[in-house]
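Chain naming here is simple, since letters A, B, ... match the order of the sequence lines and numbering starts at 1 in each. Values in this document were obtained by computation on a predicted structure and should not be read as measured data.
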Amino acid sequence: MSEEHETALRGNEPSSTRLVATLGLAGLLSGLIIVSVFEATLPTITAYKAKVLREAVFEVLPDISRMRRLAYLDGRLTAKEQEEKDEQAVFGGYDADGRLMGYAIPSAGPGFQDTIRLLYGYLPAERKVVGMEILESRETPGLGDKIYKDAAFVANFGDLSIDPEIVSVKKGTKTAPNQVDAITGATISSKAVVRIINEGNRRWLERLPGPNEAPAFEVQKEQKGRKR
Amino acid sequence: MNDLVWIFVSALLINNFVLAYFLGLCPFLGVSGRLETSFRLGLATIFVMLITALCAWFLNTYILVHAPYLRLISFIVVIASTVQFIEMVIKKLSPALFKALGIFLPLITTNCAILGLAIFSTNKGYGLAQGMIYALGAGLGFTLALVLMAGLREESELAPVPRLMRGTAMNLIIAGILSMAFMGFAGLFSAA
Amino acid sequence: MSSTRAQPDAYQEFIKGLWRDNPVFVQVLGMCPMLAVTNSATNALAMGGATFFVLVASSFLVSSLKQWIPKQVRISTYIIIIATFVTVTDFTLAALVPEIHKELGAFIPLIVANCMILGRQEAFASRNSVRLAVVDALGMASGFLFALFALGSVREILGEGAFFGLDLFGSDFEPWVIMILPPGGFLTLGLLLLFFSWIRERKEKLAQQLAETEAELR
Amino acid sequence: MKPKDPRLLVQPSPLLKQRMTTGQAMRDVLIALLPATLAGIWFFGLGALLVLFACVLGAVLTEWTFAPTEERRERMLDGSGLLTGLLLGLSLPPGLPLWMAFLGGAAGIGLGKLIWGGLGHNLFNPALVGRAFLLAAFPVAMTTWSPQSGPEEFFQVQASNLALPFMQASYDAISSATPLGLMKFEYQSTPLWDLMIGKTTGCIGETSSLLLVLGGVYLLLRRDLDWRIPAGILGSVAGFSTLLFLIDPQQYPGPLFSAFSGGLLLGAIYMATDPVTSPITPKGAWIFGVGVGLLVVLIRVFGGFPEGVMYAILLMNAATPLIDRYTQPRVFGKGIKTE
Amino acid sequence: MKALSSLFKRGFSHGIHPEELKDRTQGLHTQRMPFVERYVLPVRQHRGAPSKPTVEVGQRVGRGEIIAEPGAFVSTALHAPVTGWVRAIGRRRFPGGRYEQAIEIEADPYATQRLTVERPLDWRGLSLEDFVPIIHRSGIVGLGGAALPAHVKYSLREGVKIKYLIANGAECEPYLTNDHRVMVERADALLRGLEILHTLLGAEESIIGVELNKPDAIEVLRERTAGDPRLRVAPLRVKYPQGDSKMMIKSILGIEVPAGLHAADLGIIMNNVSTIAAIADYFDTGMPYIDRMVTVSGPGIPYPANLIVPLGTPVREVLRFCGGLGEDTREVIMGGPMMGTPIASLDAPVIKTSSGVLAFTESETARPREYPCIRCGRCVEACPYFLNPSRLARLAKARMYEEMKRAQVMECVECGSCTYSCPSGIPIVQLIRTAKNDLWAKKSKSK
Ligand SMILES: Cc1cc2nc3c(=O)[nH]c(=O)nc-3n(C[C@H](O)[C@H](O)[C@H](O)COP(=O)(O)O)c2cc1C
Ligand SMILES: Cc1cc2nc3c(=O)[nH]c(=O)nc-3n(C[C@H](O)[C@H](O)[C@H](O)COP(=O)(O)O)c2cc1C
Ligand SMILES: Cc1cc2nc3c(=O)[nH]c(=O)nc-3n(C[C@H](O)[C@H](O)[C@H](O)COP(=O)(O)O)c2cc1C
Ligand SMILES: Cc1cc2nc3c(=O)[nH]c(=O)nc-3n(C[C@H](O)[C@H](O)[C@H](O)CO)c2cc1C
Ligand code: SF4
Ligand code: SF4
Ligand code: SF4
Ligand code: SF4
Ligand code: FES
């Protein structure tokens with residue numbers, strides 16, 4: 001390095017062991033600091049995540065009173081709170097006395113600008129979508145972002161039949177129960193949302209058991225923790 | 001399969017690292033003066049990115065699942081050593097190239113484009129194949145932007161650009177217009 | 001060095017970073033991770049704040065540890081130090097202001113990549129007394145903060161017709177969407193650079209004229 | 001005895017010049033655009049005229065303000081600023097608020113021309129830079145297409161035109177999709193003849209294909225534009241879309257529709273051919289044209305926008321320096337081995 | 001005509017088609033210009049070193065007598081165009097404004113102006129080695145514009161075997177018709193000259209290249225050369241710069257002379273038709289090069305003509321002989337409008353390269369203001385050497401001369417086609433000249 005630097009740290013050639021030692025020390029220290037901060041902040045962060053998730057689920061599944069995470073493990077849904085890498089899961093929504101009412105299904109796909117992640121509520125009994133919430137998107141402000149800002153558009157998904165599949169139509173031409181009024185000027189994002197939900201259905205519907213054989217909700221334990 | 005295509009196109013054009021994410025601006029503004037150099041730096045970056053993706057995937061699957069908090073540090077260490085390695089190789093193979101790239105190879109080490117790649121593909125939860133495709137797209141996109149920029153800059157050097165405009169201000173405006181043009185790729189292959 | 005001598009220096013160092021060679025407007029360093037999140041004043045401030053903390057903290061640490069860091073591994077050490085602080089910041093923000101953290105998303109870790117921070121360690125902190133290093137860091141960081149804030153404000157005001165999220169021009173203002181899109185970032189920064197170099201030139205001209213007139217008066 | 005001589009000029013050779021001048025070229029393009037312009041005004045009413053005027057005003061004022069005082073007159077005279085304004089105006093929706101049109105003209109000249117050093121030094125097409133700016137800044141207003149006004153309401157200007165500066169437009173007529181929009185999102189085509197004569201919605205200047213072609217022929221005869229570029233564009237668009245059409249006639253438009261709809265003709269004949277921002281070598285011109293054509297179809301068919309001409313041209317503009325560099329012909333007598 | 005020219009597959013690409021404007025003079029039989037009282041003879045009318053005067057002031061000289069001998073190998077002799085007295089030897093101002101050594105001769109009004117020369121010598125039996133010094137003293141230079149002393153081309157490098165001998169009758173510049181008249185009226189001289197060179201250079205074939213706008217010349221030469229296997233006439237498309245040696249060689253032989261080489265290196269010798277005729281005259285009559293054929297034309301000239309003018313005749317006299325100058329004249333040009341040079345004063349004399357004297361009025365000389373280059377590409381499509389004049393001009397304006405070298409500026413022959421065709425009125429070739437001269441200067445300094 002430059003001369004004045006040599007002088008700056010006035011040290012004659014240190015031994016390689018010292019180098020390693022220094023690095024090791026630095027690594028150790030930083031590791032310590034990081035871990036402690038991590039431990040300190042973890043609860044708050046996870047709590048927040050959970051809160052956001054809860055709100056989303058309760059948003060898309062209007063009249064449920066409890067929820068739990070249902071992971072798809074070797075061919076069946078099993079209640080399982082903490083998540084693992086690349087395991088697929090939905091969220092079961094239950095009424096007060098623990099009967100399963102519907103599922104909140106996460107799904108994602110390409111939008112106009114970037115990937116759109118959303119969560120939608122599905123009632124197996126009526127084969128209906130009853131709610132949709134965008135979790136993440138980078139659509140254009142003023143156009144694409146109407147997919148979550150435009151109440152009218154979101155309302156489309158409040159009571160939407162999924163048979164044979166959901167289709168988006170030009171604004172104001174909705175006739176059948178499985179149609180969605182696209183946003184004028186943002187047809188592409190609208191279509192994207194619809195496509196993403198359809199794909200979610202394609203992936204999940206045959207995996208979802210009917211209300212009665214779905215994993216039940218152990219009422220007593222959970223009630224304390226998960227009161228709203 | 002289909003989503004692999006989209007991942008590639010998205011990284012290459014729609015969400016070009018330089019023009020949409022502002023990543024790797026230092027080399028973008030610093031090196032794009034000469035076409036030759038830009039091209040080589042681009043290639044170097046592609047290479048580093050591919051390796052980064054590989055490392056990122058490895059770390060994510062085997063280490064970070066147990067110690068998520070070490071993500072940043074481990075990424076940096078791995079990437080840094082990779083670049084060191086490349087630097088040595090290049091020094092061996094073509095001293096000329098090494099001269100041409102000057103301080104920029106070390107700069108790639110801490111270049112946000114590289115780190116960004118690792119972090120983004122982690123956030124998006126990409127697997128190995130997806131990650132590699134993503135890296136390839138991002139690298140090529142970076143190179144594309146860099147090369148186009150170099151061509152434009154070499155040409156505008158002959159023009160009587162207003163004195164105050166000269167230098168970085170001009171380059172940023174050029175980049176802005178370029179990024180406007182790239183908006184044309186938005187929605188590519190996503191509109192079914 | 002004696003504090004009496006250091007006093008003016010310190011001030012100089014601070015001003016230098018804040019204005020004369022402002023890291024962004026003059027040196028144009030370390031923009032990348034930043035530009036992306038300057039689409040609103042709030043985000044800009046948050047990002048600036050995070051960078052501020054990291055820069056000052058690492059400068060302090062590096063300058064106080066400089067005797068013990070062998071030069072062969074200094075860069076790696078600096079990076080480790082910086083990365084540590086960044087990670088800390090990341091977690092802290094996530095815990096304290098989750099909404100903003102969501103906005104800034106993947107860009108906080110990228111502070112590590114910011115050339116400016118490493119640059120300061122290498123160029124200044126590792127060669128100067130702790131207090132000078134810190135003052136310098138404060139200056140640079142404030143300069144950086146200021147630049148990001150300027151960018152963020154312009155982009156938010158034009159792009160959303162709002163400032164810190166509160167509406168400025170009433171409901172039927174037509175926002176300039178481009179300002180919050182990537183091209184807006186480039187164009188705004190470019191024009192700001194133009195603007196500041198123009199101001200600097202004006203000042204120099206005035207200074208000259210002043211000197212000349214004084215010379216005449218004598 | 002000696003008669004007094006005339007005082008003699010001493011100019012360097014060559015002492016003959018052909019008559020064409022750049023100013024004349026610009027004027028030719030203006031003339032060529034006149035029919036299509038008038039048609040546009042006729043179709044969309046007084047509002048369209050105001051939009052055009054606002055654009056030209058924005059462009060010319062900007063040019064005038066930033067020109068060095070001594071060069072002002074000349075810069076105004078070469079008419080390129082005027083042309084930029086007009087071409088920008090022709091590529092805007094007729095219902096656009098005037099203040100946006102003005103802003104577009106200013107942005108086009110400012111970002112697209114002045115900062116590069118003025119006429120001849122810009123590397124992106126100024127009019128299109130202006131349009132791209134507007135499109136990205138005001139996507140809604142820029143994609144709201146007010147229907148054609150019949151002769152009787154020619155003189156009533158739409159409310160949206162008259163929106164106050166920096167304020168939103170309120171649209172009285174409900175917007176109707178352009179032929180391309182219909183094609184892309186509803187898969188319904190528009191009769192070819194309507195496209196030809198311009199009985200469609202769309203930008204002010206893009207509707208009437210016939211008149212645009214007419215102007216193009218005039219420019220060709222005047223040797224003002226490089227025929228290779230329009231040829232390349234239209235050729236590749238036709239070819240590419242024929243291919244897709246054969247694959248799936250329901251979903252993809254046929255070649256004729258592709259060629260005559262949207263801004264393709266306006267772009268191919270008047271904008272891609274901007275000499276300043278297109279390659280100088282003949283080979284380069286071909287590459288440029290084909291490139292634009294392919295990008296247009298790519299964006300129209302697989303992209304997020306119903307229309308891609310503007311972005312296609314801008315992207316190829318960006319590539320032009322590279323194209324020029326790699327299509328330099330071999331200098332006479334170079335690289336020949338002497339036996 | 002068009003159909004005919006379209007028949008020609010070969011020929012060079014690019015180039016321009018300026019108006020020919022030859023019709024006023026191409027039909028006119030040549031006249032001899034009467035002698036005037038004073039003659040001014042610069043000692044440097046050719047490329048290379050100036051000639052050395054061999055006479056003093058006051059000395060009497062006879063028409064055709066040598067008055068200055070070659071100053072070097074690349075140089076030539078100078079002979080008295082009239083019988084009279086040397087009145088002055090000193091510096092005079094000349095076209096281009098530089099001062100030059102010149103010999104001033106006052107004609108003897110009573111002299112018979114008969115040639116006073118040593119007796120004509122027989123070329124048969126001469127070898128090329130004896131031939132070169134003879135031409136060296138003949139005062140003959142390349143009349144195609146390069147003004148290279150003729151003998152230089154004939155002193156071949158070792159091992160060069162001459163295949164083709166080409167007579168350049170293209171006369172591609174507008175207005176000029178003197179080569180044309182030579183070919184029509186002095187076909188025999190031309191052919192005799194060709195025979196001399198053909199034999200001495202040992203060429204395999206001799207070709208006369210003529211542009212299609214001179215059908216009569218083509219016809220005459222065709223019938224004169226009919227049945228001679230060594231000779232042929234090659235009609236050429238009307239196109240500037242058809243007369244440039246490399247372009248003409250491309251058109252006639254389809255050979256592309258490599259950059260940096262001379263035609264001679266490929267075994268090709270090219271001479272202008274007038275040069276060849278001059279050589280014939282020298283051997284027939286012993287007359288050295290003292291009379292020059294000049295086309296006097298242009299809108300400023302009342303009575304255009306093809307004149308045989310003794311060297312050194314002041315332009316003023318030539319113009320007076322052709323009815324004086326119209327007072328709307330703005331510019332008087334020596335040589336062709338594409339490569340010639342305007343003169344500052346009418347006292348400038350006719351010299352060996354003055355192929356024409358043209359008087360231009362406002363309409364030719366007016367220049368519209370210069371616009372910036374709009375990259376229209378017309379210059380690119382004009383340049384016969386496939387350069388990129390637009391880029392060269394930009395670089396020149398940015399003073400990036402070294403970069404220009406990389407852009408092959410040195411291949412430019414300064415034909416001016418680019419400037420002619422530029423709608424922005426950019427003085428491209430002028431910029432190129434400055435750059436080249438600068439580069440030459442650097443080169444010679446570095447040497
Ligand atoms: C700058 C810009 C951004 C756009 N962003 C979106 C977007 O985020 N989502 C979308 O669906 N359409 C977007 N559009 C509009 C699409 O290009 C396309 O025109 C629209 O989806 C067509 O819908 P329509 O047929 O209802 O007009 C955008 C257009 C522009 C010019
Ligand atoms: C642009 C250009 C045009 C020329 N045109 C002619 C021409 O028309 N006729 C001609 O004899 N020489 C012409 N020359 C000169 C020829 O290249 C060549 O030098 C000449 O014919 C050689 O004969 P000379 O040595 O007798 O002049 C031209 C040269 C240049 C550079
Ligand atoms: C010192 C010198 C030597 C030259 N020798 C030759 C030669 O041997 N053969 C030749 O064809 N041209 C020779 N020329 C070439 C001239 O450039 C002349 O223009 C040449 O004929 C090519 O141009 P032109 O043919 O168009 O006149 C020489 C020029 C110079 C200055
Ligand atoms: C055939 C032709 C087409 C042109 N097209 C455009 C154009 O599309 N946009 C524009 O701003 N100027 C255009 N101009 C005018 C001029 O070239 C343009 O303003 C320059 O780019 C300014 O440097 C055109 C000029 C000609 C001769
Ligand atoms: S004047 Fe020169 S250019 Fe013209 S014909 Fe004669 S030699 Fe050729
Ligand atoms: S300037 Fe060109 S023509 Fe003149 S001597 Fe040099 S190379 Fe030959
Ligand atoms: S003057 Fe030179 S550059 Fe111009 S056309 Fe002739 S050869 Fe080409
Ligand atoms: S002819 Fe003139 S304006 Fe056209 S490209 Fe050449 S130099 Fe530029
Ligand atoms: S490359 Fe320097 S901060 Fe991104």
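With contacts defined as side-chain heavy-atom distances shorter than 4.5 Å, the pair E:Gln408/D:Val331 qualifies. The side-chain heavy atoms of D:Arg330 and E:Phe386, taken from C-beta on, include no pair separated by under 4.5 Å. Within the 4.5 Å cutoff, no side-chain heavy atoms of D:Phe332 are placed close to those of E:Glu411. With a 4.5 Å cut-off on side-chain heavy atoms, E:Arg367 and D:Gln11 count as touching.
Note: D:Leu225 CG to E:Cys376 SG = 12.0 Å, rounded to the nearest 0.5 Å. Taking OG1 of E:Thr365 as the reference point, atom CG of D:Leu9 lies at 5.5 Å (rounded to 0.5 Å). Taking CZ of E:Arg391 as the reference point, atom OG1 of D:Thr281 lies at 12.5 Å (rounded to 0.5 Å).
Proximity to chain D is limited to the backbone of E:Pro384, based on heavy atoms less than 4.5 angstrom apart. Looking at E:Tyr371, the atoms closer than 4.5 Å to chain D (heavy atoms on both sides) all sit in the side chain, from C-beta outward. For E:Leu325, the part lying under 4.5 angstrom from a heavy atom of chain D is the side chain only. Contact annotation for E:Glu331: both backbone and side-chain heavy atoms come within less than 4.5 Å of a heavy atom of chain D. Looking at E:Val257, only its backbone comes within 4.5 Å of chain D, counting heavy atoms on both sides.
Partners of E:Cys373 according to the side-chain contact (heavy atoms from CB on, under 4.5 Å) rule, which considers only residues two or more places apart in sequence or in another chain, are E:Arg375, E:Ser390, E:Arg394, E:Ile426.
When the candidates E:Asn388, E:Thr329, E:Val429, E:Ile16 are compared by the number of heavy-atom contacts under 4.5 Å with chain D, E:Asn388 comes out ahead. The most heavy-atom pairs under 4.5 Å with chain E, out of D:Ala285, D:Gly117, D:Ala25, D:Gly120, come from D:Gly120. Counting heavy-atom pairs closer than 4.5 Å to chain D, the top-ranked of the candidates E:Pro337, E:Gly416, E:Gly377 is E:Pro337. Looking only at heavy-atom pairs under 4.5 Å with chain D, the residue among E:Glu364, E:His14, E:Glu381 that has the most is E:Glu381.
Scanning residues 268-279 of chain D against chain E with a 4.5 Å non-hydrogen threshold yields D:Pro275, D:Val276, sorted by number. Residue-level contacts of residues 12-20 of chain D with chain E, in order of numbering, are D:Pro12, D:Ser13, D:Pro14, D:Leu15, D:Leu16, D:Lys17, D:Gln18, D:Arg19, D:Met20; threshold 4.5 Å between heavy atoms. Contacts with chain E (heavy atom to heavy atom, under 4.5 Å) involve these residues of residues 309-329 of chain D, listed by number: D:Gln328, D:Pro329.
Of all heavy-atom pairs spanning E:Glu256 and D:Lys334, the tightest one is OE2-N, 4.4 Å. Here the closest non-hydrogen pair linking D:Leu8 and E:Ile343 is CD1-O, 3.6 Å. Residues D:Thr21 and E:Pro368 share a closest heavy-atom pair of CG2-CG, 4.0 Å.
For E:Glu327, the CD atom counts as loosely surrounded, since its 6.0 Å shell holds 12 or fewer non-hydrogen atoms of other residues, nucleotides or ligands. Residue D:Arg223 qualifies as open at atom CZ: its count of foreign heavy atoms under 6.0 Å is 12 or below. Counting heavy-atom neighbours within 6.0 Å of D:Phe66 CZ, excluding the residue itself, gives a total of 12 or less. Residue D:Glu71 qualifies as enclosed at atom CD: its count of foreign heavy atoms under 6.0 Å is above 12.
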